[in-house]
Amino acid sequence: QVQLVESGGGLVQPGGSLRLSCAASGSILSIYAMGWYRQAPGKQRELVATITSGGSTNYAGAVKGRFTISRDNTKNTVNLQMNSLKPEDTAVYYCTQGGGVRQVWGQGTQVTVSS
């Protein structure tokens with residue numbers, strides 16, 4: 001019913017920037033809390049950032065000050081601006097809608113930070 005599609009991933013050098021976008025079909029994102037997760041090879045999936053329906057944001061300590069999550073209700077999208085990227089940020093990044101048993105996941109987009 002609802003589908004989330006991430007885009008914007010790619011290969012960047014340390015210190016570079018990327019902007020990830022999450023587009024939704026079949027739902028109105030403005031009424032949901034949204035989040036970005038990531039999973040690096042050999043590591044557990046971790047929560048990167050969240051944004052509530054009211055626009056309040058929270059970040060993992062590893063990305064705080066470098067990443068910014070935002071939402072554009074007009075476009076029905078959620079974005080993740082990633083600056084000052086580090087090799088440790090290399091992972092597949094996933095967009096999520098809501099939580100619990102009804103949490104919806106996107107397919108993921110690869111972010112690779114390497115020189």
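Side-chain atoms are counted along with the backbone in the values below, which use heavy atoms only and exclude waters and symmetry mates.
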S.K.: What are the two closest heavy atoms between L20 and G9, and how far apart are they?
M.R.: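 That closest heavy-atom pairing would be CD2-N, 3.5 Å.
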S.K.: Are N83 and Q81 close enough that a side-chain donor and a side-chain acceptor fall under 3.5 Å?
M.R.: yes
S.K.: Of all the heavy-atom pairs spanning Y32 and S27, show the shortest one and how long it is.
M.R.: CE1-CB, 4.3 Å
S.K.: Under the 3.5 angstrom rule, does the side chain of D89 hit a backbone N or O of P14 as a donor-acceptor pair?
M.R.: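 Judged by distance alone, no pair lies under 3.5 Å.
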S.K.: Mind checking whether I51 and Y59 sit in one hydrophobic cluster, side chains of I, L, V, M, F, W, Y counted as touching below 4.5 Å?
M.R.: yes
S.K.: Backbone N or O of A91 within a donor-acceptor pair of the Q39 side chain at under 3.5 Å?
M.R.: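 No; judged by distance alone, with no hydrogens or angles, the pair does not exist.
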S.K.: L18 and L85: which non-hydrogen atoms are nearest, and at how many Å?
M.R.: N-CD1, 3.9 Å
S.K.: Where is the tightest heavy-atom contact between A62 and R38, given as atom of each residue plus distance?
M.R.: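 Scanning both residues completely, I find the closest heavy atoms to be CB-NH2, 4.1 Å.
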S.K.: Do Y94 and V48 share a hydrophobic cluster (ILVMFWY, side-chain heavy atoms under 4.5 Å, transitive)?
M.R.: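 Result: no, two separate clusters.
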S.K.: Any side-chain heavy atom of E6 within less than 4.5 Å of one from W36?
M.R.: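 With C-beta onward as the side chain, the pair touches.
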S.K.: For S70 and R19, which heavy atoms make the closest approach, and how far apart are they?
M.R.: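 Distance-wise, the nearest heavy atoms are OG-NH2, 4.5 Å.
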S.K.: Verify, without hydrogens or angle tests, whether R71 (side chain) and A33 (backbone) share a donor-acceptor contact under 3.5 angstrom.
M.R.: no
S.K.: Which is it for L4 and C22 under the side-chain contact (heavy atoms from CB on, under 4.5 Å) test, yes or no, and what are the steps along the way?
M.R.: CA-CA 6 Å; L4 304 177; C22 175; 4.0 Å; yes
S.K.: Tell me, with the steps shown, if Q97 and L29 meet side-chain contact (heavy atoms from CB on, under 4.5 Å).
M.R.: CA-CA 7 Å; Q97 170 193 290; L29 297 186; 3.3 Å; yes
S.K.: Which distance, rounded to the nearest 0.5 Å, do you find between the CZ of F67 and the OG of S17?
M.R.: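 Rounded to the nearest 0.5 Å, the CZ-OG separation comes to 9.5 Å.
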S.K.: Please determine whether side-chain contact (heavy atoms from CB on, under 4.5 Å) holds for the pair V78 and I69, giving the CA-CA distance in whole Å, both sets of side-chain angles, and the decisive distance to 0.1 Å.
M.R.: CA-CA 7 Å; V78 177; I69 186 172; 4.0 Å; yes
S.K.: I need the minimum non-hydrogen distance between L80 and A49, along with the two atoms involved.
M.R.: CD1-CB, 4.3 Å
S.K.: Nearest 0.5 Å please: distance from the CD atom of E88 over to the NZ atom of K43.
M.R.: 7.5 Å
S.K.: Are more than 12 heavy atoms, taken from residues, nucleotides or ligands other than I31, located less than 6.0 Å from that residue's CD1 atom?
M.R.: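 Atom CD1 in I31 is packed in, count exceeds 12.
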S.K.: Return the CG to CD distance between L11 and Q110, rounded to the nearest 0.5 Å.
M.R.: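 Rounded to the nearest 0.5 Å, the CG-CD separation comes to 9.5 Å.
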S.K.: Let me see the working for V104 and Q3 under side-chain contact (heavy atoms from CB on, under 4.5 Å), right down to the final yes or no.
M.R.: CA-CA 8 Å; V104 179; Q3 184 175 7; over 6 Å; no
S.K.: Give the ring-plane orientation class for W105 versus Y37, where under 30° counts as parallel, over 60° as perpendicular and anything between as tilted.
M.R.: tilted
